[in-house]
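Report on one structure; see the data block that follows.
Every value quoted in this text rests on a predicted model; they were computed, and no experiment measured them.
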Amino acid sequence: MDDSSFPVPHKKFSLEIKGNKTDVVICCYDDHFLVIATQIGTMGTILQASKEEGATFNPTYSVSVIFGKRDEPMLEACARQLVEHISNSRSSRPLLLSLGLKDHSVETLKGIVSAVIENRLW
């Protein structure tokens, strides 16, 4: 039985990034996207990212940490890259991103962004 649309459309998958098993869940709600990526089995830092309304030619994106590490610019960059991709795919829904990572390196975050885009629901 395919339960990918109940209660919301979603995808779950795992991959290995720099030797760490990384579990990813992507959910598509009516009013936002939720992406959870964890290497530690918990939610971790939660960020919200959205495109500022009214900006069409040179859009501005807003990223804020809702819970967790506020001194990790790479986590914010990850959220910004994903919300830019969502926006470029003609969706105006904001992103809620949870990153529970053992490793906050550029390579790890690039791997997460690539995997999410490859398995996107937008």
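- Contact annotation: the side chain of Lys11 approaches that of Leu121 to within less than 4.5 Å [non-hydrogen atoms, C-beta and beyond].
- In this structure, the side chains of Lys69 and His104 come closer than 4.5 Å at one or more pairs of heavy atoms.
- In this structure, the separation between CD on Glu76 and CG on Leu47 is 6.5 Å, given to the nearest 0.5 Å.
- Applying the side chain to side chain donor-acceptor pair (under 3.5 Å) test to pairs two or more places apart or on separate chains, those with a residue in residues 24-45 are Thr22-Gln39.
- Taking all atoms of both residues into account, the shortest heavy-atom contact from Gly111 to Ile17 is C-CD1, 3.9 Å.
- Summarising the geometry, atom CG belonging to Leu97 is positioned 9.5 Å from atom CD1 belonging to Ile46; distances are rounded to the nearest 0.5 Å.
- Remark: Met43 CE to Ile36 CD1 distance equals 4.5 Å, nearest 0.5 Å.
- With contacts defined as side-chain heavy-atom distances shorter than 4.5 Å, the pair Leu101/Ile40 does not qualify.
- Annotation: side-chain hydrogen bond (donor to acceptor under 3.5 Å, both in side chains) contacts of Arg93 (sequence neighbours excluded): none.
- When all heavy atoms are compared, the tightest approach of Lys18 to Glu107 is CG-OE2, 3.3 Å.
- Note: Leu99 CG to Cys78 SG = 5.0 Å, rounded to the nearest 0.5 Å.
- In the hydrophobic clustering of ILVMFWY residues, with side-chain heavy atoms under 4.5 Å counting as a link, Val35 and Val113 come out together.
- A pairwise comparison of heavy atoms in Trp122 and His85 identifies NE1-ND1, 3.0 Å as the closest pair.
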Between Ile26 and Leu34, is a side chain to side chain contact (heavy atoms under 4.5 Å, CB included) present by the stated rule, with each step listed? CA-CA 6 Å; Ile26 305 169; Leu34 170 65; over 6 Å; no
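- Side-chain contact between Ile117 and Leu82 is present, with at least one heavy-atom pair separated by less than 4.5 Å.
- Ion pairing of Arg80 with Glu84 is present here, as a side-chain N (NZ or NE/NH1/NH2) and a carboxylate O approach within less than 4.0 Å.
- When all heavy atoms of Ile112 and Ala37 are compared, the closest pair comes out as CG2-CB, 4.0 Å.
- Taken from CD in Gln81 to CG in Leu109, the straight-line distance is 8.5 Å, to the nearest 0.5 Å.
- Among all heavy-atom pairs drawn from Val63 and Ala79, the shortest one is CG1-CB, 3.9 Å.
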Worked check of side chain to side chain contact (heavy atoms under 4.5 Å, CB included) between Phe67 and Ser98: CA-CA 9 Å; Phe67 178 83; Ser98 170; over 6 Å; no
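- With salt bridges taken as basic N to acidic carboxylate O contacts below 4.0 Å, one links Lys21 and Asp23.
- With rounding to the nearest 0.5 angstrom, the NZ atom of Lys51 is 3.5 Å from the OG atom of Ser87.
- Hydrophobic clustering, with ILVMFWY side chains joined whenever heavy atoms are under 4.5 angstrom apart, groups Leu96 together with Val8.
- Residue Phe13 qualifies as enclosed at atom CZ: its count of foreign heavy atoms under 6.0 Å is above 12.
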Take Val24 and Asn119 through the test side chain to side chain contact (heavy atoms under 4.5 Å, CB included) and record every step on the way to the result. CA-CA 10 Å; Val24 179; Asn119 291 280; over 6 Å; no
